[in-house]
Amino acid sequence: DAMVIQNPRYQVTQFGKPVTLSCSQTLNHNVMYWYQQKSSQAPKLLFHYYDKDFNNEADTPDNFQSRRPNTSFCFLDIRSPGLGDAAMYLCATSRDLGQPQHFGDGTRLSIL
Amino acid sequence: QKEVEQDPGPLSVPEGAIVSLNCTYSNSAFQYFMWYRQYSRKGPELLMYTYSSGNKEDGRFTAQVDKSSKYISLFIRDSQPSDSATYLCAMRDTGTASKLTFGTGTRLQVTL
């Protein structure tokens, strides 16, 4: 049973056209994370929500935003995607800060 | 120098072999260590989560931590073709409960 679900699995967008990626969870975890993973690279944390509190990593570009309307859902918005934003975007959850993180299967984003 | 170093492989072993996967790190503040398995086009799956130096065993998997040498290992006994995947080490310190620092992953191929 999938517990962290990401939609869509594959997303193609045009250079500069806003795109939204979705993550939902059935675990009722307090914390939700977004990572960017480029080919053959380590996942890189973009930001996380602890309940409704948003925490941005210092080096996350302003082009990346996030929303968490309720416990179950979290969205990643890329306002003006550039070619360098093509990557796998991974959503993860944890029961609390410091607890093990559980990942979804990711959304692979391509930029035309 | 990267905070976490991991040989990218690929590492090819015959079925039934013992596999040793390793990471070294430079940040002595790292106290929590994880191993994730990532199949192609899938998200990372948590395999092992350890805190203290020493060994932790779970089925065919053993995680080993040597904090004095800043070196962690994952051993897989009786390797199976289904173990073929990329293995990512991850770690965090006690001060930043949200942020995992990942290695780039080692690609493992178990052949028949």
Side-chain angles (χ1 to χ4, degrees), chain A residues 2-10 21 23-25 27 29-51 53-60 66 87-110, chain B residues 1-11 21 23-27 29-51 56 58 61 63 72 85-109:
Chain A
M3 293 176 287
V4 181
I5 303 160
Q6 292 189 243
N7 285 303
R9 292 294 316 280
Y10 301 92
L21 309 182
C23 178
S24 63
Q25 54 132 341
L27 299 164
H29 282 175
N30 288 319
V31 194
M32 295 187 77
Y33 310 79
W34 281 103
Y35 287 83
Q36 179 192 64
Q37 186 180 25
K38 295 187 176 181
S39 182
S40 302
Q41 293 186 22
K44 178 179 177 296
L45 181 65
L46 296 173
F47 27 59
H48 75 274
Y49 270 96
Y50 180 65
D51 194 13
D53 291 335
F54 177 71
N55 296 271
N56 201 28
E57 291 299 303
D59 56 355
T60 299
S66 187
M88 172 82 89
Y89 289 88
L90 294 164
C91 174
T93 73
S94 65
R95 185 179 303 280
D96 206 336
L97 290 173
Q99 295 297 305
Q101 295 183 21
H102 301 273
F103 286 80
D105 283 337
T107 294
R108 183 167 295 281
L109 179 66
S110 299
Chain B
Q1 182 190 6
K2 294 179 183 177
E3 279 192 294
V4 179
E5 298 278 358
Q6 188 175 8
D7 188 331
L11 177 62
L21 303 165
C23 286
T24 59
Y25 61 95
S26 57
N27 187 349
F30 287 143
Q31 297 293 321
Y32 297 86
F33 305 91
M34 287 131 272
W35 284 96
Y36 284 85
R37 177 175 63 196
Q38 187 172 23
Y39 290 114
S40 180
R41 298 184 181 84
K42 293 284 193 177
E45 172 193 1
L46 182 65
L47 287 176
M48 302 289 280
Y49 183 91
T50 58
Y51 170 68
K56 180 178 180 179
D58 184 359
F61 299 93
I72 67 171
T86 296
Y87 289 80
L88 296 151
C89 64
M91 46 200 79
R92 69 169 182 88
D93 60 38
T94 52
T96 6
S98 61
K99 185 170 183 175
L100 296 182
T101 300
F102 282 86
T104 52
T106 298
R107 190 156 62 91
L108 172 67
Q109 182 74 37

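Labels below follow one simple rule: chain letters A, B, ... track the order of the sequence lines, proteins then strands, and each chain is numbered from 1.
For chain A, the option among B/Lys2, B/Glu45, B/Gln38 with the highest count of heavy-atom pairs below 4.5 Å is B/Gln38.
Here CG of A/Asn55 is found 12.5 Å from NZ of B/Lys99. Values are rounded to the nearest 0.5 Å. In this structure, NZ on A/Lys38 lies 15.5 Å from OG1 on B/Thr104, to the nearest 0.5 angstrom. Rounding to the nearest 0.5 Å places OH of A/Tyr35 at 4.0 Å from CG of B/Leu100.
Residues A/Ala42 and B/Phe102 approach most closely at CB-O, 3.6 Å, considering heavy atoms. Of all non-hydrogen atoms in A/Leu90 and B/Gly43, the two that sit nearest each other are CD2-CA, 4.0 Å.
If you measure heavy-atom distances from A/Gln6 to chain B, you find no contacts under 4.5 Å at all. There is no contact between B/Tyr32 and chain A, counting heavy-atom distances below 4.5 Å. For a residue to count as touching a neighbouring chain, one of its non-hydrogen atoms must lie under 4.5 Å from one of that chain's; by this rule B/Tyr36 touches chain A with the side chain only. When heavy atoms are compared at a cutoff of 4.5 Å, B/Pro8 does not approach chain A at all.
The number of heavy-atom neighbours closer than 6.0 Å to NZ of A/Lys44, taken from other residues, nucleotides and ligands shown, is above 12.
Side chains of A/Gln101 and B/Met34 form no contact here, defined as non-hydrogen atoms less than 4.5 Å apart.
Between the side chain of B/Arg41 and the backbone N or O of A/Arg9 there is no donor-acceptor pair closer than 3.5 Å.
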